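To keep things clear, I will list the structure first and then write my remarks on it.
Owing to the predicted nature of the structure, the values given are computational and were not obtained by experimental measurement. Numbered from 1 within each chain, the chains take letters A, B, ... in sequence-line order. Both backbone and side-chain heavy atoms feed into the values below; hydrogens, waters and symmetry mates do not.
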There are 2 protein chains.
Amino acid sequence: MPHEAQKAIARQSLLLRSLPDQHVDTLLRQAIWRQYDRGETIFLQEEEAKAVHVVLAGWVKLFRISPTGAEAVVSVFTRGESFGEAVALRNVPYPVSAEAVSPCEVMHIPSPVLLSLMKEDPEIGVSILAATFTHLHSLVAQLEQLKAQTGAQRVAEFLLNLCDCDSGQCEVELPYDKMLIAGRLGMKPESLSRAFSRLKPIGVRIDRNHAGIADMDVLRNYAESDPSEK
Amino acid sequence: MPHEAQKAIARQSLLLRSLPDQHVDTLLRQAIWRQYDRGETIFLQEEEAKAVHVVLAGWVKLFRISPTGAEAVVSVFTRGESFGEAVALRNVPYPVSAEAVSPCEVMHIPSPVLLSLMKEDPEIGVSILAATFTHLHSLVAQLEQLKAQTGAQRVAEFLLNLCDCDSGQCEVELPYDKMLIAGRLGMKPESLSRAFSRLKPIGVRIDRNHAGIADMDVLRNYAESDPSEK
DNA sequence: GCTAGGACATGACAATTGTCAAGTTTGAGT
DNA sequence: ACTCAAACTTGACAATTGTCATGTCCTAGC
């Protein structure tokens, strides 16, 4: 039972925004609208994909549990972002699990609905590819970060991506748990704490309540400088 | 001027093998067939994508140069594998560069050809999504490795994926430079050397000529065990 | 056959990160 | 207001990895 506001968010999502209104209406009409509590599972790794998911509110994490039991966070999505496109259209098992990390509203588009619409208009395929490419690109960026930057530099880049403004002093508010941030950046919570300590000398001040300020230019310079110069 | 053998390899690629023969013929007829020397660039990061690429022979690496100048290897492709699908169909710039790391034969399918065929048959879109999903999946697997495994464990998994057999003693042949393997696994060449040393006690013996043997079961057990137990 | 350069191995050392073990802070529930 | 658990910080220590330097092996080119 979606509100108009929720529909508006869905329409603005990368997945749907370039499609003709008529198709979007069709999809929204047949979508499933659900709420999730913090910690609730949306789907599990190896489960077969039956829908594409669009986050309308809150935060959702995608993660993998390795054979050793360690959790690796793959990505974290919020309002207007979608995931599971490539998997849903092929009836293959999810390579990751999805869990709400805050109270969430999520729209599910059943894959048969998407597939049948795609047969009518191949443009749908392009939209799905667009969303999938965005994910590919963000994974590639993450790989580069992990392979070529230190922990503190990854934190600096994470803060940069959080802010709307792109230069000068900026207010920052961490969107979720530091434990989750640590996972997302591929480190232990203790290392994240130390990374924040290292950023203090360059003017980053974020207290326990997860808010603070930082200078974007200084951060960018730090993130892009050679690790061996420090 | 493709040989029949090359065409056969192209037909077996993940990208084309599930398409009707008629479409494959159309694509092969309009494809561009090229050779590359070791070290030659196939395309550069930020360049606009004009084609999808299918490797017919040799090895191609995709990599990014970070702002600091460090190179991060994203993936390495060989015979029957394709790349650039999601980018080519959207006229966006490549997020990575591509370079031949051995003498190569590569087939290029111009994106307009693919796009126009896709309008006739949406099934093409599904094939492209299939290939794109494979890349997504492999990037996710790589992220998990980097975030949850030690260097030596990543090497063990790399060796596992090289072999056809899945248990017992196996012959292994490293497909390319150790420098490149190190990049692919997110470490320095020196660390790779040390990782190989650590695998010696569990029966992995690979000499300078890049060939040797290893026990798959022992390797799998090593790769999946908790790093802290060692 | 000789030579030069690149790939690779190894040792010593420094920097980074994980691990373990305290302590503090915070917030939800009583 | 009190309590408890979880999130977070910090310190000490160990393990891993990067860096630098050196030496060996292999190969392409002369």
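At least one side-chain nitrogen or oxygen of A/Ser193 sits closer than 4.0 Å to the OP1 or OP2 atom of D/dT9. At least one side-chain nitrogen or oxygen of B/His210 sits closer than 4.0 Å to the OP1 or OP2 atom of C/dC8. B/Ser197 has a side-chain polar atom (N or O) that falls below the 4.0 Å cut-off from OP1 or OP2 of C/dT10. Residue A/Arg198 has a polar side-chain atom (N or O) positioned under 4.0 Å from OP1 or OP2 of C/dT16. Between A/Lys178 and the phosphate of D/dT9, there is a side-chain N or O to OP1/OP2 separation shorter than 4.0 Å. OP1 or OP2 of D/dG18 lies within a sub-4.0 Å distance of a side-chain N or O belonging to B/Ser191.
For B/Glu190, whose side chain is taken as the heavy atoms from C-beta onward, the closest listed nucleotide among C/dA7, D/dT10, D/dA21 is D/dA21. Distance from the side chain of B/Lys188 is smallest to D/dT19 among D/dT19, D/dA7, C/dG18. The side chain of A/Asp177 lies closest to D/dA7, out of C/dT19, D/dA7, C/dA12. Here the side chain of A/Lys200 is nearest to one of D/dT19, D/dT10, D/dC8, namely D/dT10.
With rounding to whole Å, B/Phe196 atom CZ is found 17 Å from D/dT17 atom C1'. Summarising the geometry, the separation between CE on A/Met179 and P on D/dT9 is reported as 11 Å, rounded to the nearest angstrom. Distance A/Lys147 NZ to D/dT17 C1': 16 Å, rounded to the nearest Å. Distance CD (B/Gln145) to P (D/dT16): 18 Å, rounded to an integer number of Å. The CZ atom of A/Arg194 sits 7 Å away from the C1' atom of D/dT10 (whole-angstrom rounding). The interatomic distance linking B/Gln149 (CD) with C/dG18 (P) rounds to 15 Å, in whole Å. What separates CG of A/Leu185 from C1' of C/dT17 is a distance of 14 Å, to the nearest Å. As rounded to whole Å, 12 Å separates atom P of D/dT9 from atom CE of A/Met187.
The existence of a salt bridge linking A/Lys61 and A/Glu71 is confirmed by a sub-4.0 Å separation between a basic side-chain nitrogen and an acidic carboxylate oxygen. B/Arg38 has a carboxylate O that lies under 4.0 Å from a charged side-chain N of B/Asp177, or vice versa, which qualifies the two as a salt bridge. The pair B/Glu48-B/Arg90 fails the salt-bridge criterion, with no side-chain N (NZ, NE, NH1 or NH2) lying under 4.0 Å from an Asp/Glu carboxylate O.
Aromatic ring orientation, A/Phe83 versus A/Phe43: tilted (interplanar angle from 30° to 60°). By the 30° and 60° cut-offs, the orientation of the rings of B/His108 relative to B/His53 is perpendicular.
For the pair A/Glu81 (side chain) and A/Thr78 (backbone), a donor-acceptor distance under 3.5 Å is present.
Taking the ring centroids of A/Phe77 and A/His135, they lie under the 6.0 Å cut-off.
End-to-end axis angle of the helix from C/dG1-D/dC30 to C/dT30-D/dA1, using five pairs per end and rounding to 10°, comes to 40°.
A/Arg64 pairs by the side-chain hydrogen bond (donor to acceptor under 3.5 Å, both in side chains) definition with B/Glu144, not counting sequence neighbours.
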